[in-house]
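Down below is the structure, laid out as structure tokens.
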Amino acid sequence: MNDVVNPDTYESLAISPRENGLYVVSLNRPTKRNALNVATIEELIRFFSGARMAGVRAVVLAGEGDHFCAGLDLVEHWKADRSADDFMHVCLRWHEAFNKMEYGGVPIIAALKGAVVGGGLELASAAHIRVMDGSTYFALPEGQRGIFTGGGATIRVSDMIGKYRMIDMVLTGRVYQGQEAVDLGLAQYMVEGSSLDKAMEIAAKVAQNLPLTNFAICSAVSHMKNMSGLDAAYAEAFVGGIVNTQPDARARLEAFANKTAARVRPNT
Ligand code: 1HE
């Protein structure tokens with residue numbers, strides 16, 4: 001087994017291989033509400049740096065216990081009494097992890113519950129699809145803690161909900177939950193039951209797409225958002241040129257042409 005996906009090589013994450021290249025990656029410090037310490041970030045970097053080459057087709061990102069993630073490990077941060085230089089490098093490692101997730105080309109479905117706060121929301125926002133349940137709530141308590149964001153909230157959370165809503169969340173500690181959170185874009189799905197079950201269902205479906213197609217969907221869209229419209233159009237033509245002519249797509253196209261492929265129909 002490739003070391004990247006070997007559960008025995010992780011301590012802060014629980015790695016659970018499932019069928020068809022699907023993996024459940026869980027933050028595994030429930031007694032600390034899955035607060036993100038240095039060790040957890042390093043394990044996220046290791047897993048998501050090597051996931052695609054290790055054959056991972058889709059990931060469900062979850063948290064052990066009642067809460068998805070309580071954000072930065074404030075106790076570790078307080079005890080370390082870091083210099084600005086040190087914390088800048090902590091933030092750079094967070095960016096390394098979350099950029100590997102967003103741009104790595106492996107679909108990541110976050111199964112959210114309980115607190116998704118501070119750096120926990122930054123982590124969730126690096127996933128491609130977020131599923132919440134009735135217990136899930138979102139907040140950016142940085143303002144109350146006397147600190148600022150450092151794991152990409154200024155980029156991804158403001159992208160999801162808009163600059164001024166994000167500023168309000170950090171300034172006031174405002175909490176979003178329920179349908180309002182979905183309406184704002186903090187999650188794409190809300191379920192009555194278990195967000196993990198729904199995330200697994202979505203991941204299993206997504207894993208049936210061709211890996212190169214998923215790579216494009218889960219990296220190209222993010223890259224193109226960073227480009228000018230003109231450059232994005234050029235890049236899209238290139239990606240389309242490669243992905244839309246891949247040999248593995250021929251059978252799917254043929255099935256459509258032969259009328260054996262499922263048609264797109266409205267939900268019943
Ligand atoms: C923690 C952390 C943490 C819990 N760092 N140890 N994030 C926050 O400001 C959120 C801080 N946490 C909370 O508000 C609450 O803990 C929760 C709402 C998440 C959960 O409440 P509860 O009642 O279930 O748990 P608890 O009793 O508050 O905490 C249980 C244990 O988890 C306790 O440890 P113990 O050893 O005393 O049992 C807590 O200390 C520990 N714990 N949250 C460290 N965050 C790159 S910049 C990013 C900036 C941020 O992320 S700021 C937001 C930080």
Side-chain angles (χ1 to χ4, degrees), residues 7 10-16 23-48 59-82 87 90-91 93-95 97-98 101 108-127 129-153 156-157 160-161 166 169-170 172-178 181 186-187 189-191 193-200:
Y10 291 86
E11 280 181 16
S12 307
L13 299 178
I15 309 288
S16 172
Y23 282 73
V24 179
V25 174
S26 297
L27 303 174
N28 196 20
R29 301 175 70 227
T31 59
K32 301 297 177 189
R33 308 305 184 250
N34 297 321
L36 296 170
N37 60 359
V38 166
T40 307
I41 294 293
E42 290 304 317
E43 291 192 4
L44 286 169
I45 293 171
R46 194 159 81 81
F47 184 86
F48 286 105
V59 171
V60 168
L61 180 70
E64 296 295 327
D66 294 337
H67 298 279
F68 175 71
C69 179
L72 174 69
D73 189 321
L74 294 168
V75 177
E76 181 185 67
H77 182 58
W78 172 67
K79 284 186 177 159
D81 195 13
R82 293 167 169 133
F87 195 66
V90 168
C91 292
R93 297 305 280 166
W94 283 48
H95 291 315
F98 298 171
M101 292 169 62
I108 303 169
I109 324 299
L112 305 177
K113 61 183 163 179
V116 183
V117 302
L121 177 52
E122 293 178 311
L123 171 65
S125 66
I129 296 178
R130 281 162 293 282
V131 183
M132 62 182 286
D133 67 16
S135 73
T136 309
Y137 61 98
F138 302 90
L140 292 171
E142 281 85 345
Q144 279 70 54
R145 305 282 181 231
I147 58 177
F148 186 62
T149 63
R156 296 188 186 89
V157 177
M160 285 192 295
I161 64 173
M166 186 215 148
M169 285 181 80
V170 195
T172 67
R174 180 175 186 163
V175 171
Y176 284 113
Q177 62 201 75
L186 287 162
Y189 297 84
M190 186 169 79
V191 290
S194 149
S195 56
L196 185 63
D197 288 349
K198 181 67 178 176
M200 294 294 291

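Below, each value reflects all heavy atoms present in this structure, side chains not excepted, and no hydrogens, waters or symmetry copies. Just so you know, residue 1 is the first one in the sequence shown, and it goes up from there.
Between M132 and Q177, the shortest heavy-atom distance links the atoms CE-C, 4.2 Å. The minimum heavy-atom distance between S12 and A39, with the atom names listed, is OG-CB, 3.8 Å. Between A127 and A110, the closest heavy-atom pair is CB-CB, 3.8 Å. The minimum heavy-atom distance linking E142 with G119 is given by the pair OE2-N, 4.0 Å. Scanning all heavy atoms of the two residues, the minimum distance from V175 to A139 falls at CG2-CB, 4.0 Å.
Within a 6.0 Å sphere centred on CD of E11, heavy atoms belonging to other residues, nucleotides or ligands number 12 at most.
Considering only heavy atoms from C-beta on, L140 comes within 4.5 Å of M166 through its side chain. Side-chain atoms of I161 and M169, non-hydrogen and from C-beta on, do get closer than 4.5 Å to each other. Within the 4.5 Å cutoff, the side chain of I147 has heavy atoms near those of the L72 side chain. Put simply, the side chain of F68 does not reach to within 4.5 Å of the side chain of T136, judged on heavy atoms.
Partners of E76 by salt bridge (Lys or Arg N to Asp or Glu O under 4.0 Å), not counting sequence neighbours, listed by chain and number: R82. In this structure K32 satisfies the salt bridge (Lys or Arg N to Asp or Glu O under 4.0 Å) test with no other residue, sequence neighbours excluded. Here A97 pairs with I41, L44, I45 under the side chain to side chain contact (heavy atoms under 4.5 Å, CB included) rule; sequence neighbours left out.
Remark: L13 CG to N28 CG distance equals 8.0 Å, nearest 0.5 Å. Taken to the nearest 0.5 Å, the CG atom of L36 stands 4.5 Å off from the CH2 atom of W94. With values rounded to the nearest 0.5 angstrom, N34 atom CG is found 9.5 Å from L123 atom CG. Put simply, NZ on K113 and OG on S194 are 8.0 Å apart, with the number rounded to the nearest 0.5 Å. L112 CG to L61 CG: the interatomic distance, rounded to the nearest 0.5 Å, is 8.0 Å. If you take OG on S135 and NE2 on H67, they are separated by 8.0 Å, rounding to the nearest 0.5 Å.
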Report the C-alpha separation of D73 and R29 in whole Å, then their side-chain angles, then the decisive distance to 0.1 Å, and conclude whether the side chain to side chain contact (heavy atoms under 4.5 Å, CB included) test is met. CA-CA 11 Å; D73 189 321; R29 301 175 70 227; 3.3 Å; yes
Could you go through Y176 and L121, starting from their C-alpha distance and side-chain angles, then the distance that decides it, and tell me whether this counts as side chain to side chain contact (heavy atoms under 4.5 Å, CB included)? CA-CA 11 Å; Y176 284 113; L121 177 52; over 6 Å; no
Please determine whether side chain to side chain contact (heavy atoms under 4.5 Å, CB included) holds for the pair M200 and V24, giving the CA-CA distance in whole Å, both sets of side-chain angles, and the decisive distance to 0.1 Å. CA-CA 8 Å; M200 294 294 291; V24 179; 3.5 Å; yes
Residues T40, E43; criterion side chain to side chain contact (heavy atoms under 4.5 Å, CB included); working and verdict: CA-CA 5 Å; T40 307; E43 291 192 4; 5.8 Å; no
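The pair R156-E122 does not meet the salt-bridge criterion, since no charged nitrogen lies less than 4.0 angstrom from a carboxylate oxygen.
Note on ring orientation: taking the six-membered ring where Trp is involved, the planes of Y10 and F47 are perpendicular (angle over 60°, cut-offs 30° and 60°).
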